[in-house]
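Shown next, in structure tokens, is the structure this report addresses.
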Number of protein chains: 2
Amino acid sequence: MQHKPITILIVDDHPMVVEGLKTLLSDNPAVAVRTHFTNGNDTLEFLEKEIVDVILLDVNLPDISGVEMVKLILDKRATIKILGLSTYSEPSIINQMIKNGVKGYLLKNATSDELVSAISKVHNGEFYFGSEIQKILADSVAQESKDVPKLTRRETHVLRLIADGKTTNTIAEELFISPLTVETHRRNLMQKLEVSNAASLIKFAIEKKFI
Amino acid sequence: MQHKPITILIVDDHPMVVEGLKTLLSDNPAVAVRTHFTNGNDTLEFLEKEIVDVILLDVNLPDISGVEMVKLILDKRATIKILGLSTYSEPSIINQMIKNGVKGYLLKNATSDELVSAISKVHNGEFYFGSEIQKILADSVAQESKDVPKLTRRETHVLRLIADGKTTNTIAEELFISPLTVETHRRNLMQKLEVSNAASLIKFAIEKKFI
DNA sequence: TTCAATATACCTGAAAACCATTAGAAAAAA
DNA sequence: TTTTTTCTAATGGTTTTCAGGTATATTGAA
């Protein structure tokens, strides 16, 4: 049975990758690369007038973040299936992309087969996440549920300032609150995070990207 | 004037990039991609018997680190010109690669022109570093010369332990020295690093990869 | 071998951080 | 609207850090 080919839009600022994708997909009659863009704005402009079936979207574009792009594209064209594409796998970004509506996610070390399979899956309304991505997702879910004890906004703010090396008094001045309050926050932070000194607190802050 | 084409070996575990490079280079009669490998060991095995002019070497291979690869390749075939290739630019890695003997460095968002130009330059015995890389190198040199005030081995060790969240007494026990000595080290560290509290000390330690 | 750098150790006082607990006001959630 | 959470603040005490200086053994390089 002969279908119309799936039309593809490539959005990636790496010429090597763009050419690679085109080459990898050129053998396959089931897909047709319509065109490509190297930044977010051109892509959005194109989508004002035209439409494709699947977008291969690099996460790191020079102008607009991948996470933002997903939202903007789907606001405009809700039916387009977006397949995220990145070199390394950052759980938080992947999570956000999924929250915003990507239908699949590929690492750039994916094989030609994976690529085609991912495209046809998302085009059929299914999801596609490679085994590596699935592992990351599982890990991040597991971590989220146990690790991070949900800091309040104020606590997060105070933690950031503590980790900046600021003293209790400085923080108090900066936030227009009493040093005693700052100390209370610090103590609550240490309790929540189950640490017993400032060092571990700062380590936590840096590791969890609070800084 | 018609030269023999420059023979190229591509080493990268991303099929998309490999295909992209091949496509980008296929137009140009001055270069000829001999073959490609997706890991370090296969590459080294190949180089036992064969030789090429220029190797396009991805920094992040699955088996051997890029830095190590440069050394291993040049140990075997000192005349080969190696052009480093990576998506993101990590100063320390780039520096190490250069120390080990790469003749140039490209980011994967390089254009086709840059790519060809880089290849021909390194083949002619020149160096090639894109403007972004040059900026990184300049920055890292500038930083190195002023920032890091050369900690002694002991100080580094103590710093690591402090940043691990260990108390003075614990550190003292662990190193079989007096807690007072640990405090002295801490004090000297703070003086050297020009910070006035433990928090900043830990931040320094983490940022400078002491941990 | 001498000298400089390093690692070790100690003292002291002031400042800051840490611990435990309580509690009212404000904001968010139910 | 009521309930819960969060933010604020205080008391009072203990521990740790910070900053000043001093001093000795060890090590490595000139």
Side-chain angles (χ1 to χ4, degrees), chain A residues 95-96 99 143-211, chain B residues 144-211:
Chain A
N95 274 315
Q96 286 179 71
K99 207 169 286 173
Q143 275 207 344
E144 242 173 283
S145 62
K146 58 179 165 186
D147 245 353
V148 185
K150 287 168 213 152
L151 304 183
T152 67
R153 211 173 309 155
R154 196 59 153 180
E155 283 170 340
T156 308
H157 195 177
V158 172
L159 175 55
R160 202 196 320 276
L161 294 174
I162 291 173
D164 265 352
K166 296 186 172 155
T167 67
T168 299
N169 284 325
T170 313
I171 295 170
E173 277 175 37
E174 205 161 306
L175 299 181
F176 303 109
I177 58 179
S178 156
L180 296 166
T181 308
V182 177
E183 282 191 29
T184 302
H185 285 309
R186 183 208 313 279
R187 214 175 95 257
N188 291 338
L189 280 166
M190 292 203 295
Q191 215 162 37
K192 278 193 182 177
L193 304 178
E194 290 171 347
V195 299
S196 60
N197 54 44
S200 308
L201 210 54
I202 288 147
K203 243 176 73 180
F204 173 90
I206 292 176
E207 277 165 9
K208 300 289 172 188
K209 311 252 169 74
F210 276 112
I211 298 186
Chain B
E144 242 172 282
S145 62
K146 59 178 164 185
D147 246 351
V148 186
K150 284 168 214 153
L151 304 182
T152 68
R153 209 173 312 153
R154 196 56 156 183
E155 283 169 341
T156 308
H157 195 178
V158 171
L159 175 55
R160 202 195 319 275
L161 294 174
I162 290 173
D164 265 351
K166 295 184 175 159
T167 66
T168 299
N169 283 324
T170 314
I171 295 171
E173 277 175 37
E174 206 162 305
L175 300 180
F176 303 107
I177 59 179
S178 155
L180 297 163
T181 308
V182 177
E183 281 186 31
T184 303
H185 285 307
R186 185 209 314 278
R187 213 174 77 243
N188 291 337
L189 280 167
M190 293 201 295
Q191 215 161 40
K192 279 193 182 177
L193 304 178
E194 290 171 347
V195 298
S196 61
N197 54 43
S200 309
L201 209 54
I202 289 148
K203 237 178 79 181
F204 174 90
I206 293 177
E207 277 165 9
K208 298 290 172 190
K209 310 256 166 73
F210 275 113
I211 297 187

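In what follows, chains carry the letters A, B, and so on, assigned in the order in which the sequence lines appear, proteins first and then strands, with residues in each chain numbered from 1.
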Task: Closest to side chain of A:Met190, choosing from D:dC7, C:dC10, C:dC19 - done: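 Selected nucleotide (nearest to the side chain): C:dC19.
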Spacing between [X] atom [atom1] and [N] atom [atom2], to the nearest angstrom:
X: A:Leu159; N: D:dT6; atom1: CG; atom2: C1'; result: 17 Å
X: B:Leu180; N: D:dT24; atom1: CG; atom2: C1'; result: 15 Å
X: B:Ile202; N: D:dT17; atom1: CD1; atom2: C1'; result: 12 Å
X: B:Leu189; N: D:dT17; atom1: CG; atom2: P; result: 14 Å
X: B:Ile171; N: D:dT16; atom1: CD1; atom2: P; result: 13 Å
X: A:Phe176; N: D:dC7; atom1: CZ; atom2: P; result: 18 Å

- [ ] Using five pairs at either end of the helix from C:dT1-D:dA30 to C:dA30-D:dT1, determine the angle between the two local helix axes and round it to 10 degrees.
- [x]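 Terminal axis comparison yields 70°.
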What side-chain donor-acceptor pairs closer than 3.5 Å can you find for residues 171-178 of chain A, not counting sequence neighbours?
residue  : atom : partner  : partner atom : Å
A:Glu174 : OE1  : A:Lys166 : NZ           : 3.4
A:Glu174 : OE2  : A:Lys166 : NZ           : 3.3
A:Ser178 : OG   : A:Leu180 : N            : 2.9

Reported [atom1]-to-[atom2] distance for the pair [X] and [Y], which is rounded to 0.5 angstrom:
X: A:Met190; Y: A:Arg186; atom1: CE; atom2: CZ; answer: 7.0 Å
X: B:Glu155; Y: B:Thr184; atom1: CD; atom2: OG1; answer: 10.5 Å
X: B:Leu161; Y: B:His157; atom1: CG; atom2: NE2; answer: 4.5 Å

TODO: Indicate whether OP1 or OP2 belonging to D:dC7 is found under 4.0 Å from a side-chain N or O atom of A:His185.
DONE: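 For D:dC7, neither OP1 nor OP2 has a side-chain N or O of A:His185 closer than 4.0 Å.
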- [ ] State whether A:Thr181 places a side-chain N or O below 4.0 Å from either non-bridging phosphate oxygen (OP1 or OP2) of D:dA9.
- [x]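 Indeed, a polar side-chain atom of A:Thr181 lies that close.
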Open item on the list: Just to be sure I understand the rule, does B:Ile177 reach a base, reach only the sugar-phosphate, or reach nothing, if contact means heavy atoms closer than 4.0 Å?
Closed with: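 Sugar-phosphate: the residue B:Ile177, judged by heavy atoms under 4.0 Å, touches backbone atoms but no base.
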Open item on the list: For A:Thr181, give me all partners under side-chain hydrogen bond (donor to acceptor under 3.5 Å, both in side chains), at least two apart in sequence or on another chain.
Closed with: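 Not a single residue meets the side-chain hydrogen bond (donor to acceptor under 3.5 Å, both in side chains) criterion with A:Thr181.
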Open item on the list: Using the side-chain contact (heavy atoms from CB on, under 4.5 Å) criterion, which residues pair with A:Thr167? Sequence neighbours excluded.
Closed with: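 Counting only residues at least two positions away or on another chain, A:Thr167 forms a side-chain contact (heavy atoms from CB on, under 4.5 Å) with A:Asn169, A:Thr170, B:Asn197.
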Between protein and nucleotides 14-17 of chain C, what N or O pairs are separated by less than 3.5 Å?
residue : atom : partner  : partner atom : Å
C:dA17  : OP2  : A:Thr168 : N            : 3.2
C:dA17  : OP2  : A:Thr168 : OG1          : 2.6

Short N/O separations, protein against nucleotides 20-30 of chain C, under 3.5 angstrom:
residue : atom : partner  : partner atom : Å
C:dT21  : O4   : A:Arg187 : NH1          : 3.4

